Amino acid sequence: MNISNLNNHNAIHVEVKLKPGNTRIEAIESQLRSELDFIFENNKNFNLSGGEVPLNERSGPTIQTHVESIWIDENSSPRVDSALKYHIYRPHQRNVEVEMFQGDQEGDSEEVPASNHWLLPSHSFVGLWENLIYEENLKENLLKFAESSLVFSAHNVNQNVICCNRIVLLHGPPGTGKTSLCKAIAQKLSIRMLSTYKFTHLIEINSHSLFSKWFSESGKLVMKLFTKVREIIAQPKSLVCVLIDEVESIAYARESMSGQEPKDAMRVVNALLTQLDSIKESPNVLILATSNLASNIDLAFLDRADIKQHIGLPSVRAIYQIYISMLRELMRVGMIKTEYIPQYNDDNCNDDLLCLAKRSVGVSGRTLRKLPFLAHAIFMHNVNDSIDLERFIQAMKLALEKHLEDQRLLQDKAN
Ligand SMILES: Nc1ncnc2c1ncn2[C@@H]1O[C@H](COP(=O)(O)OP(=O)(O)O)[C@@H](O)[C@H]1O
Ligand SMILES: [Mg+2]
């Protein structure tokens, strides 16, 4: 294993995404690298702090034929000794494979989706990382953690001396992008580590749908699921990211169990912990877990997580960025007239978008991402022409007020 490739921290990462096609990367790699060197050597003032590299007819023939986009990582924080590191990849076009489980109980022929399996980098997750917006460096720090934990395991660091379980837990309110961020981290790792791990698999365990149905058999199902994980781990040059979404539904706190269910529930938690302890012996596995209710998670699981990162509701600055990304998309497709949108500036009191962002504090990223659609559906559905930016922001404001009012009514009902 080429461990030196894992040590990525000081590099400026340049991600080179190839167009779909059958040409083997190895066949064009050396030509591509020299054309890339040429681009960067001849653009000394290139913005190495991040963004997309514009391609044109001077970009070199191999780049023109095969490359779809070149992206410099936003937070590469270049230093004098930083070297450019090219990551040349072609997203897999294969769709997700869903594994179904059928209950053993008599007369129960219904199946539920137990796990989803992607080969990474996948076309399904292109752009996911860039579109998740958090406070400074949160994403990058999580990625560095994931990389470091794989470096430790690749070096065979003695677990009894330095403990690293390669388990990351993201917790926080629903709709804050935890599941998406886990997928985005796995996708990034698959691109960054291509020279070490030729294949990266993402296996998402649907804890919730699985364990609400056959609770009594769930212990057995955990075993079955991990049998599959273990088969893939055994493949050479494969990295396996296991996403346990809403982990509180499997690793429900044993401490707070009472009444009827404890035996089954305890079997599930025990099965999960046993499996986690056994797969951690393999260096090529990373567990990514999410939870909306961290206080309900079993302490033994919490204890195993090396990082427990809280993911909160977006700040005004993050909301503003999310709004910009959505408005730019509507401009790209021509639904809104292309206009200049100012960058975030907290003092700009004439900025309608800033007012909207400030009013949106407390709303989840998931709801924010629906707002343009609601604005259009409720207030603009019969407009055929391209809409003025100002008018559209007004419609979004009305849609937000409607959402806040609906929330209030729901809460009143609940009380
Ligand atoms: N901080 C954020 N920046 C951008 N998009 C976000 C953010 N938080 C949530 N979203 C969007 O909300 C949607 C739901 O995210 P998801 O990963 O399912 O959240 P969670 O797992 O926390 O419930 C996704 O489409 C995601 O892109
Ligand atoms: Mg989720």
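Position 1 is the first residue of the sequence, and the numbers go up from there. Predicted model only: the values in this text are computed from it and were never measured. Scope of the values below: all heavy atoms of this structure, side chains included, with no hydrogens, waters or symmetry mates. Remember, it's 1-based here, ligands and their atoms both numbered in the order they're listed.
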Report summary line: From the list I185, I133, L132, side-chain contact (heavy atoms from CB on, under 4.5 Å) partner of K139 resolves to L132
Donor-acceptor list for residues 228-237 side chains, cut-off 3.5 Å, not counting sequence neighbours:
from: K228; atom 1: NZ; to: E99; atom 2: OE1; distance (Å): 3.4
from: R230; atom 1: NH2; to: Q275; atom 2: OE1; distance (Å): 2.5
from: R230; atom 1: NH2; to: S278; atom 2: OG; distance (Å): 3.2

Is it true that [X] and [Y] have a side-chain N and a carboxylate O under 4.0 angstrom from each other?
{"X": "R408", "Y": "D412", "result": "no"}
{"X": "K188", "Y": "D73", "result": "yes"}
{"X": "R359", "Y": "E401", "result": "yes"}

Query - From the candidates G365, P174, P173, the one that places a heavy atom nearest atom 10 (N) of ligand 1 - result: G365
Report summary line: Ranking M326, K178, H171 by closest non-hydrogen atom to atom 22 (O) of ligand 1, top hit is K178
For ligand 1, is there an atom lying under 4.0 Å from some heavy atom of [X]?
{"X": "P314", "value": "no"}
{"X": "A318", "value": "no"}
{"X": "T290", "value": "no"}

Query raised in the report: Can you find an N/O atom of I133 closer than 3.5 Å to an N/O atom of ligand 1?
Result: yes
Query raised in the report: If you measure every N/O of N292 against every N/O of ligand 1, is any gap under 3.5 Å?
Result: no
Report task. Please determine, by modelled atom types, if S291 and E248 share a side-chain donor-acceptor pair under 3.5 angstrom. Result -> yes
Query raised in the report: Considering residues, nucleotides and ligands other than K198, do more than 12 of their heavy atoms fall under 6.0 Å from its NZ?
Result: no
Query raised in the report: With a cut-off of 2.8 Å, which protein N/O/S atoms are close to the Mg ion (ligand 2), if we only count those under it?
Result: T179 OG1
